[in-house]
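Let me begin by presenting the structure, written as C-alpha cells, before commenting on it.
Just so it is clear, the structure is predicted and the values come from calculations on it, not from any experiment.
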Number of protein chains: 2
Amino acid sequence: MPSRPGLDRASIVEAAGRLADEAGLDRLTLSGLAGRLGVRTPSLYNHIDGLDGLRRELALSGIQELNRHLQRAAIGKESDKALESMLHAYRVFAHERPGVYEAILRAPNPDSMRMQEASNAILDTVLTVLEPYGLTREDSIHTVRAFRAIGHGFVSLEASGVFVGMDLATDDSFRRLIFVFLRGLKSLNKIELT
Amino acid sequence: MPSRPGLDRASIVEAAGRLADEAGLDRLTLSGLAGRLGVRTPSLYNHIDGLDGLRRELALSGIQELNRHLQRAAIGKESDKALESMLHAYRVFAHERPGVYEAILRAPNPDSMRMQEASNAILDTVLTVLEPYGLTREDSIHTVRAFRAIGHGFVSLEASGVFVGMDLATDDSFRRLIFVFLRGLKSLNKIELT
DNA sequence: TTGACGAACTAAATATATTAGTTTATAGTT
DNA sequence: AACTATAAACTAATATATTTAGTTCGTCAA
C-alpha cells in the first residue's frame, strides 16, 4: 500500500540504530537521520512519533535483539554454563551496539505495553535457563534480577569509562564476577536446604 | 572578588542538581536553569562551560557526594557488614538524587583529570573496606569492580523500570543480591587457599 | 481514466544553545 | 573621595532542532 517505495518504520529504526551506535544516542537527531536517509526531517513523522517515539522504537527493537542474542547463547548449554554464556553474550551485545544498548536503558515511558512484553520475554528466557536449579518462583525472579543487574552493571560501568583508570583487564574482572555470582547462588541453595 | 553578589559555580551546580532530580537529566536545560535562578541564559556562561560543562560539573560533584555517603555508611563497620551497608547507601543515594546519579553515568568526557581523581577516591574508599579480606591488590580491584557493578546495575535497572512488571519487592531482591555477592566472595577465598 | 490515500514536501513556529559585544556594579587603588 | 580595572550580567543575534500545518503528487484500486 505505500505510495512511494521510500521509507518505512523498520528501515528508519534500523538506520537510527546504526547512527546511535556510531555517534552516541544523544547525537541521534531527526535531522541527521533524515539527512542520511535522503529525506526531509518532517517526512519521518509519517512513520514515527517524533524523536521520543523513535527512541522508544529503538529501545523496543533493541530489547528484542538482545533477547535473541541471549537465547542463542543458551542453546545446547545448561545451568552454570548457560548463565555464563548468556552473561558474555549480554556484554558482547552491549559492546557491539552501544547506541542501541543505551536506548534500551534510557527509554522514555518504559511502562508501555509492548515494552513490557519485550521485557518479559527476556525474563522468560532467563527463567527457562534457571529451571534446573529447582528454585521457587520467587527465588527465580530474584535471581533473574541479580542476573540482569550483574550483566548490566558491569557493562554499563565499563562503557561509561569508570574502569579505565586502573589498568587491569576488564575481561578478567567480568569472568571473576560471573564466578562469584554462580558460587553465591550455589551457597544460597545449600542454605535454603538446611 | 565577585562584583555582584549573584551567581557562582557552586550554587549553579546545586540548582542544576535539584532541577535534574525533579525533571530528569535531559530536561535540565540552561534556559530552565537560568529562569529558576532569575538570570538570563547567557549569564551562566560566566561560570560554566556551556551545557556540557554544566553536566560535567554536576557529575563531578555527584561523585564526590556519593563517595561521602559511602564513607559514612562504612563508619564503625567492618568486612561484610561494611560492604552491605555501603551497597544500601549506594542505592539510597541513587533513589534520593536520581538526576545527579544519572549525571554521574552520562558524564561527557569522563576521562578528565578531576573526574579521575573523584573516581579514584571511591575506589580508595572501597579498597579500604576490603583490607581485612586479605586479598591481593589485583583481586581487590576485581572486587571493587564487582561491588560497583552490582550496586550500579541493580539501582539503574530499578530506576529504568525494568523490574516493575513482576510484583516482587525490590528490597528483597537487593538484599538477596548482596547476600549472594558476599557468599561468592567467601567461596572465592576458599578456592584460592586450596 | 479517475479518485482516494498516504508519503513526502514546503513553510513556519517554537525552543534551545551559543557567541559577540555592551553595560554596569563593585573592589581595590590612588 | 574619585578613579579604574575587572568580572558579572545584560541585549542582540545566529545556528540548530523539533514539531505542526497545510500542500503536492505519485501510486494503487475501482
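- A ring-ring contact (aromatic ring centres under 6.0 Å, His included) check over residues 65-86 of chain B, counting only residues at least two apart or in different chains, returns the pairs B/His69-B/Phe93.
- The stretch residues 9-55 of chain B participates, sequence neighbours left out, in no ring-ring contact (aromatic ring centres under 6.0 Å, His included) pair at all.
- Applying the side-chain contact (heavy atoms from CB on, under 4.5 Å) criterion to B/Ala15, with sequence neighbours excluded, gives B/Arg18, B/Leu33, B/Leu37.
- As rounded to whole Å, 10 Å separates atom P of D/dT19 from atom CG of A/Leu54.
- In this structure A/Arg27 satisfies the salt bridge (charged side-chain N to carboxylate O under 4.0 Å, His left out) test with no other residue, sequence neighbours excluded.
- With sequence neighbours left out, the salt bridge (charged side-chain N to carboxylate O under 4.0 Å, His left out) criterion links A/Glu65 to A/Arg97.
- Listed by residue number, the members of residues 22-49 of chain B with any heavy atom below 4.0 angstrom from DNA chain D are B/Val39, B/Arg40, B/Pro42, B/Ser43, B/Asn46, B/His47.
- B/Arg9 has its CZ atom 15 Å from the C1' atom of D/dA8, to the nearest Å.
- One atom, CG of B/Asp52, and another, C1' of C/dA17, lie 11 Å apart when rounded to the nearest Å.
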